[in-house]
Amino acid sequence: MGQTIQPVRGMNDVLPAEIGAWQHLEATARELLDAYGYEELRVPVVERTELFKRAIGELTDVVEKEMYTFTDQGGDSLTLRPEATAGIVRAVITNGMLRGQRWKLWCSGPMFRHERPQKGRYRQFHQIDVEAIGFAGPDVDAELIALTARLWRRLGIERVRLEINSLGTPESRRAYRERLVAYFRAHESQLDADSRRRLEANPLRILDSKNPQMQELIAGAPLLTEHLDPESREHFDALCAALRSIGVEYRVNPRLVRGLDYYTRTVFEWITDALGAQDAVCSGGRYDGLIAQLGGEPTPAVGFAMGVERVVELMVQAGRVPPPRQTDVYFIVSGARASEQSLRLVESLRDALPGRRIELNLGGGNFKTQFRRADRSGARVALILGDDELARGVVALKPLRREGGQTDCPMDELAARVEAELSGRVD
């Protein structure tokens, strides 16, 4: 026997016992996004490395430290996607979808970052990503946040809270950047190595530092919200007013800058205290300059990404995971002739009862073994076909979750009798 091959660290299997929560989240999100007018698209897992460098920013942790990048056989540098927005924007540009059009789009699937695995943070992780492209006003920012708040209510998740901020325009950020650089230069001896390196290239990234020894220094830095341009201030005030009008509670966090360089104006995060250090569950914001930066015509846009693993964990903690799907009917077979006819009969029953889970006993076994399998499956009805029943043109029906004896049912009445039993319409 060969040595067992272990999974790659930080890349986890989702087992049948866990998949119900994932499917419930995905189905709920799909239904809600459709109700808000969002259309699904699917983009490649692998893109050219240049896309992420240009979109996310070369001095971000994601690009510098976390991307899975490789050179393919043709000599191209390719990267497993660390996030979805850049790929969606690339798809919109290269497929000619702009040209004055507006799009409400979403996708879901795996992302990849080479991080230190811990609870809620994996090297292969899954996101639901939502983007509104071609919308400039704060109304769409507010609607996106309202959509996420509605999703939490539908999933029964309560331990989340909303933080928002505005990063202003690139112009107002440049003025703020000068003040920030002056402040950190005056305290340069207290900066760690990462922050010193970022001081010239991207000092806003210093505000995102997780180094505990830097937090007091960061707390004393000038606030971006105090240096917003008038238009960004008006946009942010309108967003806050819209959230208040629909009863979505929020906290303005002036240190919220997000980990990707493409954000402008609105940024937001839904955070939780239920997952330890990994407190962000859903994060997003406005990226009005990104499409032009990647070669498209200037187009405003806003979106968010939601961590599926983290939301699933919150559902589990809240006890809001639907129970596993049980088998409806278990078909027990005995005898050579009955075995030959069983698949045909079960397939016709599946035709007649779409949506019902009907399981045919496979691999033989005596009656005791087959009834034990039927019980383990959770089936509410057992159907029994032996050579004797086949000769008489009937199938025996036995309820497994209520009192009631075994009865014979003519084959042409079987679907109606089974549905009546499962629907509780039996006399």
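A quick note: this is a predicted structure, and the numbers were derived from the prediction, not measured.
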So, do [X] and [Y] sit near enough that their side-chain heavy atoms are less than 4.5 Å apart?
X: T264; Y: L167; value: no
X: S283; Y: E269; value: yes
X: L155; Y: T28; value: yes
X: L349; Y: L383; value: yes
X: W152; Y: V311; value: yes
X: E66; Y: P82; value: no
X: L243; Y: L162; value: yes
X: L353; Y: E419; value: yes

Query raised in the report: Could you state the interatomic distance from CG (L256) to CG (N165), rounded to the nearest 0.5 Å?
Result: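 It comes to 5.5 Å.
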
A quick test of your reading: do over 12 heavy atoms of other residues, nucleotides or ligands sit less than 6.0 Å from [atom1] of [X]?
X: E171; atom1: CD; result: yes
X: Q215; atom1: CD; result: yes
X: R48; atom1: CZ; result: no
X: R116; atom1: CZ; result: no
X: R350; atom1: CZ; result: yes
X: E297; atom1: CD; result: yes

Looking just at side-chain N and O atoms, do [X] and [Y] make a donor-acceptor pair shorter than 3.5 Å?
X: D351; Y: S348; answer: no
X: R159; Y: T272; answer: no
X: Y68; Y: Q124; answer: no

With a 4.0 Å cut-off on N to O distance, would you call [X] and [Y] a salt bridge?
X: K104; Y: E143; answer: yes
X: R30; Y: D34; answer: no
X: E347; Y: R344; answer: no
X: D194; Y: K65; answer: yes
X: E231; Y: R265; answer: yes
X: R373; Y: E359; answer: no

Requested in this report: Mind telling me whether W22 and H126 have parallel, tilted or perpendicular rings, with 30° and 60° as the class edges?
Outcome: perpendicular

Requested in this report: Please report the shortest heavy-atom distance between C240 and I164, naming the atom on each side.
Outcome: SG-CD1, 3.8 Å

Query raised in the report: Can you name the one residue among E131, Q127, R90 that meets side chain to side chain donor-acceptor pair (under 3.5 Å) with T85?
Result: E131

